[in-house]
Enquirer: 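Take a look at this one; I'll ask things after.
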Amino acid sequence: MSHDHHHHHHHDHDHSELSETELRVRALETILTEKGYVEPAALDAIIQAYETRIGPHNGARVVAKAWTDPAFKQALLEDGSKAIGTLGHVSRVGDHLVVVENTPARHNMVVCTLCSCYPWEMLGLPPVWYKAAPYRSRAVKDPRGVLADFDVSLPKDVEIRVWDSTAETRFLVLPMRPAGTGGWSEEQLAELVTRDSMIGTGFPRQPGASS
Amino acid sequence: MNGVHDMGGMDGFGKVEPEPNEPMFHAHWEERVLAMVRAMGAAGAFNIDTSRFYRETLPPEVYLSSSYYKKWFLGLEEMLIEKGYLSREEVAAGHAMQPAKALKHGKFDLTQVERVMVRGKFGRTAPAPAKFNIGDRVRARNIHPATHTRLPRYVRGHVGVVELNHGCHVFPDTAAMERGEHPQWLYTVVFGGRDLWGEDGDPTLKVSIDAFEPYLDPA
C-alpha cells in the first residue's frame with residue numbers, strides 16, 4: 001500500500017482501507033473525465049446542490065403548514081406531491097410522495113428493507129443508520145425495539161404501521177403537533193419538526209425544550 | 001434475487017446507532033461517488049433499477065462489510081465495465097485507454113445538473129385495467145427470481161389487503177435487466193404483524209409494502 005502514503009494528507013481518514021477507496025474513486029473519476037462522459041465541474045455542482053438545497057428544512061415547512069392550515073393538510077394527505085407542488089418555496093418533489101399522518105391511535109414509521117429509498121427532496125440524504133443493516137432488518141419485525149434504540153416509546157395499545165418503501169413511492173410522516181403551541185406561526189412550528197419525526201423514529205421537539 | 005440486501009426480518013445485526021450531528025458525508029470520496037452515480041445515470045448509462053441490481057450482486061461478504069457509498073462505488077465500477085463504458089484495463093491503469101462509448105443523453109456537463117435535482121418520473125400509461133381493488137385480499141406470490149425483484153422475502157406467501165393504488169409504474173424486475181419498462185399496477189398492500197411473524201409477533205404491528213401486480217394473486 002505504498003501509494004496510500006502519498007494521499008494521506010488529502011482526507012481525514014488515514015487507515016488503509018479508506019485510502020485505497022479514495023484512490024480507486026479518483027481513478028474512476030479520471031477515467032470518466034478523460035473519456036468525456038462527465039465534466040468534473042458538473043459533479044461539483046451536484047454535490048453543492050445536495051449540500052444546500054435539500055434537507056429536513058423542506059419537510060419541516062410542509063409539516064408546519066399542515067399543522068396550521070386544515071385545507072392544506074387535507075390536500076397533503078390526499079396527494080402529497082400535488083399539495084407540496086403548490087408551495088413555491090419548497091424544492092420540487094417527485095410524482096409519488098405519500099404523506100402519512102400520526103394520530104393518538106396510530107404511529108407511522110418508514111423504512112426501505114431492500115436498499116435506502118427515502119424522500120430526499122423533503123429530508124435530504126438519508127443518515128447512515130437508515131441505510132444500515134440494523135434498521136433495515138428490524139424495523140418491519142420489531143419496530144418497538146427499534147424505537148427503544150432512539151429512546152422513543154409508544155403506549156402499548158397504539159398501532160404501529162411500518163411502510164416498507166419497495167417501489168418509487170416515497171413516504172413522509174406527518175407527526176402530531178405538540179401541545180402548548182396554540183397561536184404559534186408556521187416558522188416557529190417548523191423549528192420543532194425534526195428529521196426523525198418525519199421518518200417516524202422520533203417526535204417533534206416540545207415547546208421550551210432545547211433544540 | 002435472494003441476496004443479503006433483502007434484510008427485512010433478519011436477526012443479529014444489533015442496535016440501531018444514530019450518530020449525533022451526523023455530517024452529510026464521512027469522507028470526500030463519498031461525495032464524488034454520489035455525484036458520479038447521479039451523473040452517469042442522468043447521462044443514460046443505466047437506470048436506477050439496474051444500479052440497485054449491481055449493488056445487490058456484490059458478494060455477500062462485501063455487501064455486509066462495505067460502507068454505503070463503498071457499495072455504490074463498487075456497483076458503479078462493475079456496471080460501467082459490464083455495460084462497455086470502460087474496461088478493466090483502464091481501471092487498473094487509472095486512465096482512459098480506449099475510445100468512449102456514446103451515452104444516450106450525451107456528456108454530463110453543467111447544463112445537465114438541474115435534471116439530477118428533480119426525481120425521475122416512474123408513472124406510465126396503463127396497458128390494461130387494474131386487477132385489484134382497494135380492500136381486496138391478496139397473497140404475495142412465492143417467487144424466487146435469481147434476478148432483480150422488489151418483492152421482499154418476508155412477505156412471500158402471506159396474505160394482505162390492498163390499501164392504495166398508485167397507478168401504473170415502470171416494472172423494476174424487467175427494467176433492471178434492461179428488458180423494458182413493462183409498466184405494472186402498483187399497490188400498497190398491508191399485512192398483519194402476526195401474519196408475518198407468527199404468534200410472538202407484535203399484535204399492534206402492521207407492515208405494508210408497495211407491490212407490483214405481478215407479485216400478487218387473489219386470496
Side-chain angles (χ1 to χ4, degrees), chain A residues 11-13 18 21-22 24-25 27-32 34-39 41-43 45-47 49 51 53 92-96 113-116 121 125 127-129 131 133-137 140-144 146 149-150 157-169, chain B residues 5-10 13-19 22 24 27-29 31-33 35-36 38-40 43 52 64 68 70 73 77 85-86 90-91 94-96 100 103 107-110 112-113 116-119 121-123 150 152 154 166 169 186 197 202 204-210:
Chain A
H11 53 85
D12 299 326
H13 300 267
L18 284 182
T21 301
E22 175 100 40
R24 289 180 64 181
V25 171
L28 183 62
E29 185 174 336
T30 299
I31 298 166
L32 299 187
E34 287 178 357
K35 298 194 85 155
Y37 296 142
V38 300
E39 192 175 82
L43 302 183
I46 292 175
I47 296 161
E51 285 178 340
R53 282 169 30 193
R92 288 173 289 179
V93 293
D95 291 340
H96 312 292
T113 61
L114 296 173
C115 51
S116 55
E121 299 91 339
L125 299 176
V128 166
W129 61 259
K131 306 177 286 194
Y135 186 71
R136 285 165 54 191
S137 60
V140 292
K141 185 180 179 188
D142 178 24
R144 286 177 193 265
V146 167
D149 291 347
F150 288 88
D157 57 342
V158 170
E159 177 190 316
I160 301 192
R161 170 62 179 277
V162 177
W163 300 78
D164 191 355
S165 311
T166 55
E168 294 304 334
T169 27
Chain B
H5 69 283
D6 186 358
M7 293 180 160
M10 290 175 77
F13 287 115
K15 285 178 68 136
V16 180
E17 291 179 355
E19 179 185 345
E22 181 177 332
M24 193 174 290
H28 174 68
W29 64 265
E31 307 170 11
R32 306 313 289 181
V33 170
M36 285 192 278
R38 299 295 289 170
M40 290 301 283
R52 288 194 184 114
L64 291 175
Y68 181 72
K70 181 73 179 278
F73 169 73
E77 191 178 75
Y85 291 98
L86 45 99
E90 289 174 315
V91 167
H95 286 286
L103 285 160
K107 179 176 185 169
F108 190 90
D109 60 20
L110 278 168
Q112 303 294 310
V113 173
V116 165
M117 298 310 290
V118 182
R119 249 172 78 69
K121 292 186 178 294
F122 300 91
R150 296 293 288 182
Y154 73 87
H166 300 291
H169 286 223
L186 178 67
W197 310 114
D202 184 338
T204 64
L205 171 61
K206 288 188 173 154
V207 181
S208 64
I209 64 158
D210 283 348

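Just so we're on the same page: letters track the sequence lines, and every chain starts at 1.
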Enquirer: Go through it in stages, so that I can follow the logic: the residues are A:Val38 and B:Met36, the test is side chain to side chain contact (heavy atoms under 4.5 Å, CB included), and I'd like the CA-CA distance, side-chain angles, deciding distance and then a yes or no.
Expert: CA-CA 8 Å; A:Val38 300; B:Met36 285 192 278; 5.6 Å; no
Enquirer: When only pairs under 4.5 Å are counted, which of B:Gly9, B:Ser208, B:Gly8 shares the most heavy-atom pairs with chain A?
Expert: B:Ser208
Enquirer: Going from CD on A:Glu22 to NE2 on B:His28, what distance comes out if it is rounded to the nearest 0.5 angstrom?
Expert: 6.5 Å
Enquirer: Is it the case that the side chains of A:Glu34 and B:His95 hold a donor-acceptor pair, with the cut-off being a distance below 3.5 Å and no angle test?
Expert: yes
Enquirer: Which atom pair, heavy atoms only, marks the closest approach of B:Pro18 to A:Trp129?
Expert: CA-CD1, 3.5 Å
Enquirer: Do the non-hydrogen side-chain atoms of B:His166 and A:Glu168 ever get within less than 4.5 Å of each other?
Expert: no
Enquirer: Of the non-hydrogen atoms in B:Gly14 and A:Pro134, which two are nearest, and what is the gap between them?
Expert: O-CB, 3.4 Å
Enquirer: Can you tell me how far CD of B:Glu90 sits from CG of A:Leu32, rounded to the nearest 0.5 angstrom?
Expert: 9.5 Å
Enquirer: Could you go step by step and tell me if B:Lys206 and A:Ile160 meet the side chain to side chain contact (heavy atoms under 4.5 Å, CB included) rule?
Expert: CA-CA 6 Å; B:Lys206 288 188 173 154; A:Ile160 301 192; over 6 Å; no
Enquirer: Determine, stepwise, if the pair A:Lys141 / B:Met10 fulfils side chain to side chain contact (heavy atoms under 4.5 Å, CB included).
Expert: CA-CA 8 Å; A:Lys141 185 180 179 188; B:Met10 290 175 77; over 6 Å; no
Enquirer: I need the minimum non-hydrogen distance between A:Pro143 and B:Leu205, along with the two atoms involved.
Expert: CG-CD1, 3.6 Å
Enquirer: Relative to chain A, which segment of B:Tyr154 carries a heavy atom at a distance below 4.5 Å: side chain, backbone, both, or neither?
Expert: side chain
Enquirer: Is B:Glu77 reaching over with its side chain to a backbone N or O of A:Leu28, donor-acceptor style, under 3.5 angstrom?
Expert: no
Enquirer: Any idea which heavy atoms bring A:Thr113 and B:Pro152 closest together, and the distance?
Expert: OG1-CB, 4.3 Å
Enquirer: Evaluate B:Arg119 against A:Asp95 for salt bridge (charged side-chain N to carboxylate O under 4.0 Å, His left out), listing each step before the verdict.
Expert: CA-CA 8 Å; B:Arg119 249 172 78 69; A:Asp95 291 340; over 6 Å; no
Enquirer: B:Leu186 versus chain A, heavy atoms under 4.5 Å apart: side chain, backbone, both or neither?
Expert: side chain
Enquirer: So, does B:Trp29 use its side chain to make a donor-acceptor pair with the main chain of A:Arg24 at under 3.5 Å?
Expert: no
Enquirer: For the CH2 atom of B:Trp197 and the CG atom of A:Asp142, what is their distance to the nearest 0.5 Å?
Expert: 10.5 Å
Enquirer: Closest approach of A:Lys35 and B:Ala96, non-hydrogen atoms and distance?
Expert: CG-CB, 3.5 Å
Enquirer: Check whether B:Asp6 gets within reach of chain A through its side chain, its backbone, both or neither, counting any heavy atom under 4.5 Å.
Expert: both
Enquirer: For A:Val128, is there any backbone N or O sitting under 3.5 Å from a side-chain donor or acceptor partner on B:Glu22?
Expert: yes
Enquirer: Under 3.5 Å, is there a donor-acceptor pair between the side chain of B:Arg150 and the main chain of A:Thr166?
Expert: yes
Enquirer: B:Leu86 versus chain A, heavy atoms under 4.5 Å apart: side chain, backbone, both or neither?
Expert: both
Enquirer: In Å and rounded to the nearest 0.5 Å, what is the CG to CD1 distance from A:Asp164 to B:Ile209?
Expert: 7.5 Å
Enquirer: Okay, side chain of A:Asp149, backbone of B:Lys15: is any donor-acceptor separation there less than 3.5 Å?
Expert: no
Enquirer: Working to the nearest 0.5 Å, report the span between CG of B:Leu110 and CD of A:Glu39.
Expert: 4.5 Å
Enquirer: Quick one: do B:His169 and A:His96 satisfy side chain to side chain contact (heavy atoms under 4.5 Å, CB included)? Show the steps, please.
Expert: CA-CA 10 Å; B:His169 286 223; A:His96 312 292; 3.4 Å; yes
Enquirer: Counting heavy-atom pairs under 4.5 Å with chain B, which one of A:Ser137, A:Ala27, A:Ala42 comes out on top?
Expert: A:Ser137
Enquirer: Quick one: does A:Arg136's side chain have a donor or acceptor within less than 3.5 Å of a partner on B:His5's backbone?
Expert: yes
Enquirer: Please state whether the side chain, the backbone, both or neither of B:Phe122 comes within less than 4.5 Å of a heavy atom of chain A.
Expert: both
Enquirer: Are the side chain of A:Tyr37 and the backbone of B:Ala39 linked by a donor-acceptor contact shorter than 3.5 Å?
Expert: no
Enquirer: Can you tell me how far CG of A:Asp157 sits from OG1 of B:Thr204, rounded to the nearest 0.5 angstrom?
Expert: 8.5 Å
